[in-house]
Amino acid sequence: MSTNSNLFPNFDDVQKKSQTAVVLLVVLMMASAAVSYTQFLQRVFLGWKIGVFPVFCGLLSLEAFYVHTKTKTHEPRQRWLFHIAEWITILVLLKVLVYVTGGSVSFIADLGQWENNFSSFFTEPHYLMTLVPVLGIWVLSTGFAFDLDRLQLDSEELYLENHELVERDRRDIRRRMIEIVMFIGAGVLLLAVMVRTDLGGLGQTLQLGAAMQAPVINVVVYFLLALMLLSQTQFDYLRGSWMWSGVPVSLRMGWAWVRYGLIFFAVVALVAYVLPTRYTVGFLEVAKIVLDWFMLVAMGLLTLIFLPIYKLMAWLFELFGSKSPVEPAPQTNLQQLFPPANQTSTPVPWLEVLKSLVFWTVFVGVIGYFLLYYLRQNRELWAKLTQFPILRWVMEWFTGLKKWFRAANLRVGEAIKAGRERLFPQAAARMAGLLRPGIQFRNLNSRQKVIFFYLNLVQRGSQRGVVRRVSQTPSDYTQNLSQSFPEVKTELEDLTGAFMEARYSLHEVNDEHVGWVQQQWRRVMEALKKIGE
Amino acid sequence: MGTIFVFLVILLIAVGILSGQHFVFTVLYLLVGVYLIGRFWSTRVIQSISFQRKYTHHAFPKEEIPVDIQLVNRSLLPAVWLRVQDLLPIEITINRSFQQALTLGPHEKVTLRYTLTPMKRGYYPVGPLQLMTGDLLGLATDERRELKPEYLTVYPRVVPLTELGLPSRSPLGTLKHTQPVFEDPTRPAGKRDYQRGDSLRRIDWKASATIGRLQVKQFEPSIALETVIFLNLNGEEYYYRSRVDATELAIVVAASIANWSIQNKQSAGLITNGLDPIGKDGLAQPVPPEKGRAHLMRLLETLARVKVSQTSRAAQMLRQHRGHLSWGSTLVVVTGQVGEDLFDEFFQAQRAGMSIVVILCGEATHADEVNRRARKYGIPVYSLWAETDVELMHS
C-alpha cells in the first residue's frame, strides 16, 4: 500500500526525459520517412545512390531541434540571419553529399557550369530531388520543435497561464501534430507502394524504372514510432492539463507511461505481425474489381455531367471564330522541368576573368561567412574544430574579416535602428504585440521579458480602472497607479524604471535583473488582485 | 484525432486493395490494433478498479477529518493513468475538490488521503468520487466511473453552560431549586428542631431520641426539567440584516441548551419549523423529550441539518405542538422576534401548566416592548447577540 501526495515532485526530470524521448522519436521517424523517399528516387533515377541520405535527414531533423532550442530566445533579426547561415550550410553539405556519393567527375563538370549559370547549382535534377525532402524535413522538424515547446509546460509558464498572461490550446497543438504525423505517414506509405507496384502507363509517362521489391520495414517502423510519439504527446498533454488544474501527479507516472507504452506497442506490433495478410488475396482481387467498377461508374457520371458543358463551350468558341481553350494537355517530360545544358557563346577574355573573380569571391565569401556564423552559434562544435591546425589558420585569417564584418554590421544595424525609430515612432505600441495570445514567455529574451512585465502591468492596471492615456509617459502613469495602490508604490517605481532602462537604453539586461523585475511585478499583481477581489 | 485516424484507415484499405501490397495491411492492423487494444485496455481496467471512501461521518466544526480513498486494481492490466477526483463543498475544505493523477499497477492497492476541515455546521455531500482513465494515445473517449456521494454531518457548536436557570413546574427532579415547595424526599440535606406546622411525617424519631428534642428532616428542593426547545427558523421572523448570523446563533443556542439538559440528566426535545434535507417532505421532524447521550446526538444531528425556511411562523408551530406536551414542561422558545400572536400562545401555554423561557437571537425589533410584556406574563427573556452571550445566561 502506498500513498500518493506529491505535487509535481519530479517535474523537471520528467520534462527533460520526455523532451529527449520525443526528439529521438521524431528524428528516427524522419529517417524512416527518408528511406522510402530514397527508394522512390532509386526507382526514378536508376543510377541514383545516396545510401546515407536517411542518415543525413535524421541528423538534419536533430539539427532543426537543436537550432530551435538555441534560437528561440534570439531577436527575430538574429534568428533569420542564423537560419540563412544554417541553410547555406545545409545546401553546401547536401551538395557535398551528392558529389561524394556521385563521384568527383560530375563535380568538376558542374564547377564550370556554375560560373555561367549559377542557378544550375540548385536545379540539377539529382540535387533538386534531394533538396525537396530535406527542406520538407527541416520545416517539419522545426514545426515539431515549436509545437512540442508549446505542448509542454513548466512551472513558470503555468504561473503565466494561470494569470492569463499567455494562452494556448494544447488540444489543438496536439491535433495538429497528429495530422502532420499521419499525413507524412500516408506519404511514406504511398511512396513505398509506388516503389513496389507496377504503375503501367503512369510509370512509362514518368519514365520510372521497373517495380522494386524494396524492404518496407521502414514504413512499419515509421508508424510504430509515430504511435509512440503520439503516446508521448498524449502524456505531455495530460500532464499539462493536470498541472493547469492543480492536480498532483504521481511520482512514478513518467516511467510507468514509458514502460507500459513499450509493452503495449510491442503487443500491438506482435498482433499486427502475426495476423495473416496473404490469404486475403481473393478478397483483394474481388474488392479491386468492385472498386474499378465504382471508379468507372463515377467517371461515367462525371463525363455525363461535364460533356454538355464542354460541347456548349466548344460550340460557342467556334461560333465566334476562336479556338477552343480546352486543348489536350501536352505530354510533359520530367527532364523538361530542368534547365537545358549550358550554351556556348563567344567569351570576352577580361570580362570572363572579372566575372569569374566576382562570382567566386561572392560565393566563397557568402558561404564562408555563414559557415562561420553557424559555427559561432555552435560553440562546442567550434571548439572541437579549432583543434585542427589548418582550421586554426583559417580561423585566424577569418578573424580579421570577422572584425570588419562585425563593425560593419554594428554600424548598419545602428543606422537601420535609428531609421526605423524615426519612421515608426509608435514602436512602443508595436511592443504591445508581446502580449498577444500564444506568445511564449520563455522564448523572449531578457529585455523583452522586462518590457513584457511592464506592458502586462499597464494591461492589468487598465482592467482595474487605472487606464493609461496616450499622452502619459511611463512615469506619469506610475504616479497615477501609485495613488490607487500606495502599498506597492516602490515596486511600481522599480518596475517602471526597469522598463524604461530596457526599452530606451542600450544597457545590458541579464536574467538576474529579470528575476528581480518579476518579483516586483508579482507583488504589484498581488496588490491589484486584492483590489479586484 | 478521430477524423484523421479514420481517414488514414480508409486510405490504407483503399491503397491495400488497389495495389495488392500486403504490408499495407500490416500497417492497417497496427493502427486498428492500437485503437482496439487501447480501448479494450482502458474499458477493462476501469471496470476492474474497486474503490471506497472511509471517514468519520460526524464531526464538530474545525475538527480535522481524515478521508481515505482506497483504490484496488483487481485486473492484470495496469491503469497507466488514472485521475481521481472527489468533489467537495467549499464549507468543508479550502479546495473545491480532491484530485490526484496516478498509475495503478496490476493488483495494486493504493490509499489516497486528504483532510476535511468543516468550518460550520451542516449536512454536506462528500463526493461524488470520479475515476477517469483512457488509452495511451487518446484515441478513444476517456472512461469514467462514479461513486455516489456520502454525507458528512457537522454538529453545531455547543457552548458549555455552567448554569442556565430554566424554570420548571415539574417537582421531584434532579436539579436543585431555591423554592422549598419543590423539596425532594430522596435528597436529605440535614435536620433541625421541630417547629410548629412541620409535618409529623418529617420527624426523624431516631435523631430526636438521641438528642432529646424533636428533630425534623430537611430535604433539598429539586425540580425535574423536561425541556422542549422550540427553535424558530422562519427567516422572516428575524431581523433582515442579521438573519443569517442570528439563525445560526439560534441553532447554537438550541444545541447548547439541549446539551446542558442532557448533561444534567434531564430530558430534552426539539421542535423546529426549519427544513431538513432528509426529513419527511423536507421538513424537520419533532424530537420528543428524552434523556441520554444517544438522544443528545440525535438532537444535534437534527440541528446540524436544519435550514432556514419561509414556511410556518413560530406561533403556528407552538399552537400545533403545545397540546402534545406534558404538564410542567419548560418551553424554551428560541426566536428572533416575538409578535402578538406568539404572546397569545405563551399565555395559553402558561395556562396549560408550562413554563416559558424566551431567548431572542440577533438584533430584535421592539425589544423593549417584548421585555415589558414578558415581565407582565412572568416570562424570562434573554437577548443574545453572539455565541459568547450564551455562557452569560443566568437566571
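Reminder, nothing fancy here: chain letters follow the sequence lines and each chain counts from 1.
- Considering every non-hydrogen atom in both A/Arg252 and B/Thr103, the closest pair reads NH2-O, 3.1 Å.
- Across all their heavy atoms, B/Gln99 and A/Pro248 have their closest contact at O-CD, 3.0 Å.
- With a 4.5 Å cut-off on side-chain heavy atoms, B/Leu137 and A/Gln234 do not count as touching.
- Put simply, of A/Leu190, A/Leu238, A/Ile217, the one with the most heavy-atom pairs under 4.5 Å next to chain B is A/Leu238.
- Nearest heavy-atom pair, B/Leu30 versus A/Val220, reported as atom, atom and distance to 0.1 Å: CD2-O, 4.1 Å.
- Of the atoms belonging to B/Leu11, it is side-chain heavy atoms, and not backbone ones, that fall under 4.5 Å from chain A.
- Interface residue B/Val27: only side-chain heavy atoms are found under 4.5 Å from chain A.
- The two residues B/Trp41 and A/Tyr260 come nearest to each other via the heavy atoms CH2-O, 4.0 Å.
- Nearest heavy atoms, B/Leu102 versus A/Ser250: CA-CB, 3.5 Å.
- Contact record, B/Phe23 with A/Ala192: CZ-CB, 3.7 Å, taken as the closest heavy-atom pair.
- The only member of B/Asp135, B/Leu136, B/Val34 that meets side-chain contact (heavy atoms from CB on, under 4.5 Å) when paired with A/Ser231 is B/Leu136.
- For A/Phe265, the part lying under 4.5 angstrom from a heavy atom of chain B is the side chain only.
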Check the pair A/Val216, B/Val24 against side-chain contact (heavy atoms from CB on, under 4.5 Å), reporting the backbone distance first and the verdict last.
CA-CA 9 Å; A/Val216 286; B/Val24 178; over 6 Å; no
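- Enclosure of atom CZ in B/Arg145 by more than 12 non-hydrogen atoms of other residues, nucleotides or ligands within 6.0 angstrom is indicated.
- Between chain B and the residues A/Val219, A/Leu189, A/Val271, A/Leu224, the most heavy-atom pairs under 4.5 angstrom are made by A/Leu189.
- With respect to chain A, the highest number of heavy-atom pairs below 4.5 Å among B/Leu12, B/Leu82, B/Val15, B/Val80 belongs to B/Val80.
- The environment of B/Arg144 atom CZ is sparse: at most 12 non-hydrogen atoms of other residues, nucleotides or ligands sit within 6.0 angstrom.
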